[in-house]
Asks: 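Encoded as structure tokens, here's the structure I'll be asking about.
Both counts, for ligands and for their atoms, begin at 1 and track the order of listing. Residue numbers run from 1 in the order of the sequence given.
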Amino acid sequence: MDFELSDEEEAFRTAVRQFGDCVLRAREREIDTSGRIPEEVLDEMAHLGLLAMPVSAEHGGMGASAVLTELAAEEVGRGDFSMATAVFFLLEAGWGYILDRHGTEAAKKEVLPSVCAGKAFLGIATTEPTGGSDLAHMRTRSRRDGAEFVVHGEKAFVSGVEEAKRMGGGHLTLTRAANGFNFVYVPTRSERLSTQKFENMGRMGISTGGLTYDDVRVPERFLIGSEGKGFDCAMEGFTVARTFVSAACVGAAERALEIGTAYLKEREVFGARLGKFEGPQFELVDLYTQVEAVKWQCRRAAWLLDRYTLRGDASHRSEVDKAVASVKLAAPQIAFDCVKRVMMWHGAAGYTKDVGLELGLRGIMSYLVGAEGGLNIMRIILGRELLGRDFVPYH
Ligand SMILES: Cc1cc2nc3c(=O)[nH]c(=O)nc-3n(C[C@H](O)[C@H](O)[C@H](O)COP(=O)(O)OP(=O)(O)OC[C@H]3O[C@@H](n4cnc5c(N)ncnc54)[C@H](O)[C@@H]3O)c2cc1C
């Protein structure tokens with residue numbers, strides 16, 4: 001077993017860390033207050049190959065492995081503590097990969113180069129106003145009409161709606177069909193498609209919105225996978241994207257501990273530096289131990305993706321599902337805990353925007369409440385794999 005990165009991987013990680021340290025940290029507050037990731041930041045990400053990393057070179061990406069993408073997600077999560085840039089990064093990586101793997105050649109050529117260049121946005125639309133966890137009972141439908149699909153219904157809490165409207169692009173959209181589920185790419189500027197914007201509490205640099213489809217017509221070249229079989233493609237995308245979500249949370253957790261460690265060394269209370277007291281010192285040690293554990297859990301999940309999922313090999317599906325669900329269950333909780341405890345070490349200062357911990361708190365919270373699947377859904381996946389399908393509480 002070799003934990004060492006290759007020279008190329010190490011060099012790439014150094015370049016992304018530098019970008020995170022110099023560009024993202026300097027602009028994270030601006031990203032949060034302005035509500036958007038500046039164009040020049042996206043340009044630099046494109047220049048580094050950070051947009052839709054796993055997409056093949058033929059379609060504008062760098063054909064990166066899941067491990068390399070996971071490493072980059074960590075650095076982006078550490079750089080922009082608000083998580084907005086990490087969300088942008090991981091949505092394009094996960095769903096860019098799915099379009100590249102299961103889309104038609106015409107769709108790949110039309111959509112992916114501009115996504116990889118930072119000139120268009122690509123996201124995922126599965127959640128509906130009536131619920132996001134129980135996808136099998138979604139209401140948005142699509143039906144074939146000649147060489148088109150007609151989509152009718154409503155999606156909600158979808159990331160990147162404003163970005164796709166402004167920059168161009170759209171969302172891979174899961175819909176019910178006569179014979180199962182169709183997964184289709186729907187450009188946000190389509191006719192008869194209207195959008196709404198939600199006011200979130202965090203990760204303000206990327207919007208969350210609603211999409212209403214009033215018989216939106218989508219050409220058949222935008223079908224992902226085969227007709228009626230879209231559910232599996234969407235689940236594959238979640239498996240990949242959840243790994244990168246977890247990596248971004250690891251990066252954010254490390255950033256919080258970095259802020260906390262510096263403070264423990266510097267702050268004096270009762271005539272001694274705060275880090276000398278066992279209360280906060282042991283908390284730091286425990287948090288570090290948990291973050292290290294989840295970091296390697298995450299690296300292993302990415303390694304499994306490279307070994308099986310990204311090669312179209314479903315032979316280790318259960319192992320992959322367990323690895324990904326357990327890391328997506330653990331990483332956001334540990335990251336949130338790190339931020340909360342470091343805030344406590346700071347006392348009143350931790351509650352101010354000057355220290356900046358609240359950026360992380362607000363951003364990471366999105367992964368606790370549900371983005372890319374709620375914690376209980378990860379538990380249900382794990383319960384199913386550990387006990388068997390008979391123990392899933394619904395069918
Ligand atoms: C910031 C943000 C960005 C998002 N971006 C996107 C996006 O880009 N695209 C998209 O499609 N969606 C997106 N979502 C929506 C996200 O996928 C959903 O929030 C998630 O799937 C949960 O759905 P829900 O919010 O409708 O909660 P519900 O499904 O109503 O669930 C409510 C609560 O009950 C729990 N729960 C549900 N079923 C069970 C069960 N059987 N047993 C025990 N507990 C259960 C859930 O874990 C959750 O805590 C985003 C959400 C957020 C917060």
Asks: Out of Ser366, Ser133, Gly383, Gly363, whose heavy atom is nearest to atom 22 (C) of ligand 1?
Replies: Ser133

Asks: Evaluate Leu91 for polar contact with ligand 1, using N/O atom pairs at a separation under 3.5 Å.
Replies: no

Asks: For Glu92 and Leu51, indicate whether the former's side chain and the latter's backbone hold a donor-acceptor pair under 3.5 Å.
Replies: no

Asks: Tell me whether Arg139 contacts the main-chain N or O of Arg176 through its side chain, where contact means a donor paired with an acceptor under 3.5 Å.
Replies: no

Asks: Closest non-hydrogen protein atom to atom 20 (C) of ligand 1, residue and atom name please, with distance?
Replies: Gly370 O, 3.4 Å

Asks: When Ser133 is tested against each of Ile377, Ile380, Thr127, Asn376 for side chain to side chain contact (heavy atoms under 4.5 Å, CB included), which residue passes?
Replies: Ile377

Asks: Identify the closest protein heavy atom to atom 11 (O) of ligand 1: which residue and atom is it, and at what distance?
Replies: Thr126 N, 2.7 Å

Asks: Check whether the side chains of Asn200 and Thr208 place a donor and an acceptor atom closer than 3.5 Å, and report yes or no.
Replies: yes

Asks: Only heavy atoms of Ile124, strictly under 4.0 Å: list the atoms of ligand 1 that pass.
Replies: 7 (C), 8 (O), 9 (N), 10 (C), 11 (O)

Asks: Should the pair Arg203 and Tyr367 be classed as cation-pi, given the thresholds of under 6.0 Å to the six-membered ring centre and 45° from the axis?
Replies: yes

Asks: Where is the nearest protein heavy atom to atom 30 (O) of ligand 1: which residue, which atom, and how far?
Replies: Gly131 CA, 4.4 Å

Asks: Are any side-chain N or O atoms of Ser226 and backbone N or O atoms of Lys229, one a donor and one an acceptor, separated by less than 3.5 Å?
Replies: no

Asks: Is atom 47 (O) of ligand 1 near the protein, in the sense that some protein heavy atom lies at less than 4.0 Å from it?
Replies: yes

Asks: Which of the atoms in ligand 1, numbered in the order shown and given with their element, are less than 4.0 Å from a heavy-atom of Ala125?
Replies: 11 (O)

Asks: To the nearest 0.1 Å, how far is atom 4 (C) of ligand 1 from its closest protein heavy atom, and which atom is that?
Replies: Phe157 O, 3.0 Å

Asks: For ligand 1, is Arg203 a contact, meaning one of its heavy atoms is under 4.0 Å away?
Replies: yes

Asks: Taking only residues two or more places apart in sequence, or in another chain, which ones meet Phe198 in a ring-ring contact (aromatic ring centres under 6.0 Å, His included)?
Replies: Phe157

Asks: Looking at ligand 1, does any of its N/O atoms fall within less than 3.5 Å of an N/O of Ser159?
Replies: yes

Asks: Please find out if less than 6.0 Å separates the ring center of His171 from that of Phe121.
Replies: yes

Asks: With the threshold set strictly below 4.0 angstrom, can you tell me whether any protein non-hydrogen atom sits that near atom 33 (C) of ligand 1?
Replies: no

Asks: Is it true that a side-chain atom of Lys155 and a backbone atom of Thr126 form a donor plus acceptor pair closer than 3.5 Å?
Replies: yes

Asks: Considering only heavy atoms of Ile380, which atoms of ligand 1 have at least one such atom less than 4.0 Å away?
Replies: 40 (C), 41 (N), 42 (N)

Asks: Honestly curious: do Val150 and Phe181 fall in one hydrophobic cluster under the side-chain, below-4.5 Å linking rule?
Replies: no

Asks: Could you work out, for atom 53 (C) of ligand 1, the closest of Asp134, Leu174, Val369, Thr130 by heavy-atom distance?
Replies: Val369

Asks: Atom 44 (N) of ligand 1: which protein heavy atom is closest, and how many Å away?
Replies: Asn376 ND2, 2.9 Å

Asks: Check each of Ala371, Gly123, Gly132 against atom 26 (O) of ligand 1 and report the one with the nearest heavy atom.
Replies: Gly132

Asks: What residue and atom, counting heavy atoms only, is the protein's closest point to atom 17 (O) of ligand 1, and at what distance?
Replies: Thr127 OG1, 3.2 Å

Asks: Would you indicate whether Arg267, at its atom CZ, is surrounded by more than 12 heavy atoms from other residues, nucleotides or ligands within a distance under 6.0 Å?
Replies: no

